[in-house]
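Report on the following structure.
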Amino acid sequence: MSAVSRGIDRIDVTFDEPNLVANAGLLLVATLVSRLGLERLINATVHLTGRVGGALPGRKVLTLVHAMAAGGSHIDHAEVLRSGATQSVLGHRVMAPSTLGTFLRSFTFGHIRQLDRVLAEALRRAWALGAGPGSGPLVIDLDSTICEVCGKAKGGAGYGYTKKLGYHPLLATRAWTSEVLHVRMRKGAANTQRGALRFVEEVVARVRRAGARGDLFMRFDSGFWSHATLATLERLGVSYTMGVRMVKSVVKAVQAIDESAWTPIDYTDDGEACVAECDYRGRRLVVRRTRLVGRQATLWPQWRHFAFVTDLGGNAVEVDAFHRAHATVELAIRDLKEGAGLEHVPSGHFFANSAWLLCAALAHDLIRWTAMLGDITPEDQLTVARTVRTRFLSVPGRLVSRSGRPTLRTPLEWPWADVFARALTLLRALPPVPV
């Protein structure tokens with residue numbers, strides 16, 4: 001046995017320090033929460049009076065949100081907020097996991113809509129503090145995802161097009177920042193288009209109320225292809241790109257494109273791609289075709305076509321590049337699952353899981369708003385919850401009194417100490433949002 005290992009083996013461990021803070025960096029998120037007035041907002045909006053576990057919903061929702069921001073993916077992970085002096089940096093009382101479970105099960109459909117209004121109002125308040133697009137353009141990506149579950153005790157879970165058991169929520173995210181603008185839980189067997197028309201109308205109304213004054217753009221994949229949705233977007237004055245399925249009428253339109261109309265675009269070294277456009281039932285249809293060349297050509301020798309309809313101007317190459325950027329919505333969905341608690345859907349009650357989804361979306365957005373308003377993430381980099389958590393939220397600390405002033409002592413030579421201090425100063429300088 002080496003001397004090093006003998007030294008490690010001599011270390012005793014005790015869990016008896018009442019002043020330690022498990023995730024001291026939650027002070028950043030909690031500071032923003034206080035500026036947004038979220039606890040009061042939740043108490044005034046979510047009315048669970050008379051239902052078991054429904055009293056004072058603000059502290060319960062924020063307990064779940066802060067636990068998710070700290071990396072929690074199960075209800076009992078909220079226990080980490082009850083350790084040491086962690087509660088002192090949050091600004092609200094931390095509730096026990098058993099209380100949180102009862103609270104989530106008290107939700108009905110109407111209460112879910114109330115909690116959804118909290119997310120909409122939080123978005124408005126955060127954008128009012130400087131996180132919004134203002135009069136600039138706003139690009140919205142709409143997509144769905146599968147929240148996989150195990151077992152048959154999950155109410156509303158079912159098998160959809162992926163043949164996986166789970167739920168099938170709808171999400172609308174903001175391009176470049178990956179904020180979740182709107183989210184709705186659906187049963188697992190729900191078709192991709194189910195509820196999408198109403199969802200689009202609600203998203204547009206929400207971002208307008210939140211302060212988006214510029215042009216709106218929405219991007220969809222082919223699962224949402226619907227003439228009714230296109231008509232709604234045109235009625236609302238929202239520009240769009242929407243993938244289409246290669247049905248017979250689309251294939252016929254693509255085949256009619258002259259070979260000279262195809263324009264090459266950048267692609268992989270072992271492949272080639274071209275873009276062209278044509279008219280499809282009075283709408284602009286942009287088509288991209290791809291195939292492999294060289295040593296891989298035998299695997300994929302024929303052209304494969306991908307098409308979408310759009311009302312955007314500009315040449316086909318530019319519009320195609322804009323539409324392909326819709327794929328970044330998957331990064332936002334992955335971060336919502338891996339970074340904000342949605343990798344696990346905890347309850348057997350459908351509406352409890354719907355409330356959990358909204359809490360996850362709020363935690364996801366709070367991390368992004370903290371990064372934006374605290375100038376944590378450079379503008380040319382995506383905000384990733386796991387990175388923010390590792391660098392800033394999970395920093396350990398010890399709460400002491402120095403000359404009568406509470407002081408959070410954190411590790412010497414923490415690599416991101418200066419950025420943390422600047423972020424805290426910026427967040428504390430934010431004025432409380434007027435109600």
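Worth saying up front: this structure is predicted, and the values here are computed from it rather than measured. The first residue in the sequence is number 1, and the count goes up from there.
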- Note on the structure: CG of L119 to OG1 of T45, rounded to nearest 0.5 Å, is 11.5 Å
- Query: Of all residues at least two apart in sequence or in a different chain, which pass the salt bridge (charged side-chain N to carboxylate O under 4.0 Å, His left out) check with R291?
  - Reply: E272
- Message: I'd like to know if the side chain of R125 and the backbone of L36 have a donor-acceptor N/O pair within less than 3.5 Å.
- Response: yes
- Message: Rounded to the nearest 0.5 Å, what separates atom CG in L64 from atom CG in L100?
- Response: 4.5 Å
- Would you kindly say whether D258 and S260 are connected by a side-chain donor-acceptor distance under 3.5 Å? yes
- Task: State, with a plain yes or no, whether a side-chain heavy atom of F306 is found less than 4.5 Å away from one of R324.
- Result: no
- What closest approach, in Å, do W369 and A131 show between heavy atoms, and which atom pair accounts for it? CD1-CB, 4.1 Å
- Query: Within the side chain of H111, is there an N or O that forms a donor-acceptor pair under 3.5 Å with the backbone of T108?
  - Reply: yes
- Message: Once you measure the plane-to-plane angle for H77 and H74, does it fall in the parallel (<30°), tilted (30-60°) or perpendicular (>60°) bin?
- Response: tilted
- How are the rings of W225 and Y280 set to each other: parallel, tilted or perpendicular (split at 30° and 60°)? tilted
- Output, in order, the C-alpha distance, side-chain angles, deciding distance and verdict of ring pair (Phe, Tyr, Trp, His ring centres under 6.0 Å) for H182 and F199. CA-CA 8 Å; H182 194 12; F199 191 79; 4.4 Å; yes
- What's the spacing between I42 CD1 and L48 CG if we round to 0.5 Å? 11.5 Å
- Query: Can you check whether A360's main-chain N or O pairs, donor with acceptor, with H364's side chain at less than 3.5 Å?
  - Reply: no
- Report yes if the side chains of V250 and H305 come closer than 4.5 Å at any heavy-atom pair, otherwise no. no
- Assess whether atom CZ of R386 is packed by more than 12 heavy atoms of other residues, nucleotides or ligands within 6.0 Å. no
- Item | F308: which of T241, L285, V287, V244 passes side chain to side chain contact (heavy atoms under 4.5 Å, CB included) | T241
- Is a donor on one side and an acceptor on the other found under 3.5 Å between the side chain of R51 and the backbone of F107? no
- Task: Indicate yes or no: at least one non-hydrogen side-chain atom of T229 is less than 4.5 angstrom from one of F224.
- Result: no
- Qualifying residues under salt bridge (charged side-chain N to carboxylate O under 4.0 Å, His left out), relative to E39, sequence neighbours excluded: none
- Message: My understanding is that only residues two or more places apart in sequence, or in another chain, count here; which of them pass side-chain contact (heavy atoms from CB on, under 4.5 Å) with Q302?
- Response: none
- Message: Between K60 and L104 (side chain of the first, backbone of the second, donor and acceptor by atom type, cut-off under 3.5 Å), is there such a pair?
- Response: no
- Message: Less than 4.0 angstrom from a charged side-chain N to a carboxylate O is my criterion; do E121 and R117 meet it?
- Response: no
- Are the side chains of R208 and L236 in touch, meaning some heavy atoms are under 4.5 Å apart? no
- Message: Which label fits H92 and H66: parallel for a plane angle under 30°, tilted from 30 to 60°, or perpendicular past 60°?
- Response: parallel
- Query: Would you say the side chain of E201 lies within less than 4.5 Å of the side chain of R235, judging by non-hydrogen atoms?
  - Reply: yes
- Task: Output all residues satisfying salt bridge (charged side-chain N to carboxylate O under 4.0 Å, His left out) with R304, sequence neighbours left out; order by chain, then residue number.
- Result: none
- Note on the structure: With sequence neighbours left out, the residues meeting ring pair (Phe, Tyr, Trp, His ring centres under 6.0 Å) with Y161 are H168
- Message: Treating D221 as the side-chain partner and G243 as the backbone partner, does any N or O pair qualify as donor plus acceptor under 3.5 Å?
- Response: no
- Message: I'd like to know if the side chain of D365 reaches the main chain of V180, judged simply by a donor and an acceptor atom lying under 3.5 Å from each other, with no hydrogens or angles considered.
- Response: yes
- Minimum heavy-atom separation for I376 to A423, with atom names? CG1-CB, 3.8 Å
- Measuring from N353:CG to C147:SG, what's the distance to the nearest 0.5 Å? 9.0 Å
- Donor-acceptor under 3.5 Å (R59 side chain, M95 main chain): no
- Message: Tell me if a side-chain donor or acceptor on R219 pairs with a main-chain N or O of F322 at a distance below 3.5 Å.
- Response: yes
- Nearest non-hydrogen partners of V204 and M218, listed with the distance: CG2-SD, 4.3 Å
- Message: Using side chain to side chain contact (heavy atoms under 4.5 Å, CB included), reason through Q87 and R93 one step at a time and then give a plain yes or no.
- Response: CA-CA 7 Å; Q87 180 174 263; R93 181 182 173 187; 3.9 Å; yes
- Going from CZ on R40 to OG on S34, what distance comes out if it is rounded to the nearest 0.5 angstrom? 11.0 Å
- Among all residues two or more places apart in sequence or in another chain, which pass the side-chain contact (heavy atoms from CB on, under 4.5 Å) test with T102? V52, R105
- Message: For a side chain to side chain contact (heavy atoms under 4.5 Å, CB included) check, start with the C-alpha distance between T86 and V80, then their side-chain angles and the critical distance, and finish with the verdict.
- Response: CA-CA 8 Å; T86 304; V80 72; over 6 Å; no
- Heavy-atom side-chain proximity of P396 to L20 below 4.5 angstrom: no
- Query: Between K154 and P346, is there a donor-acceptor pair closer than 3.5 Å when you use the side chain of the first and the backbone of the second?
  - Reply: yes
- Determine the minimum heavy-atom distance between A231 and R283, stating which atoms define it. N-NH2, 4.2 Å
- Other residues, nucleotides, ligands: >12 heavy atoms within 6.0 Å of R422 CZ: yes
- Query: Rounded to the nearest 0.5 Å, how far apart are CD1 of I75 and OG1 of T99?
  - Reply: 11.0 Å
- Item | side chain to side chain contact (heavy atoms under 4.5 Å, CB included) between L233 and F220, intermediate numbers included | CA-CA 12 Å; L233 292 167; F220 308 78; 3.6 Å; yes
- Item | Non-hydrogen atoms of E343 and E338 that approach each other most closely | OE1-CA, 4.5 Å
- Message: I'd like to know whether CG of D266 has more than 12 heavy-atom contacts from other residues, nucleotides or ligands below 6.0 angstrom.
- Response: no
- Message: Taking the side chain as everything from C-beta on, heavy atoms only, tell me whether W127 gets closer than 4.5 Å to P133.
- Response: yes
- Query: At their closest point, which heavy atom of S144 faces which heavy atom of T192, and how far apart are they?
  - Reply: OG-CG2, 4.0 Å
- Item | More than 12 heavy atoms of other groups within 6.0 Å of K164 NZ | no
- Student check: side-chain heavy atoms of F217 and L312 closer than 4.5 Å: yes
- Query: Do V149 and L165 pass the side chain to side chain contact (heavy atoms under 4.5 Å, CB included) test, and can you show the C-alpha distance, the side-chain angles, and the key distance before you say yes or no?
  - Reply: CA-CA 6 Å; V149 300; L165 180 65; 3.9 Å; yes
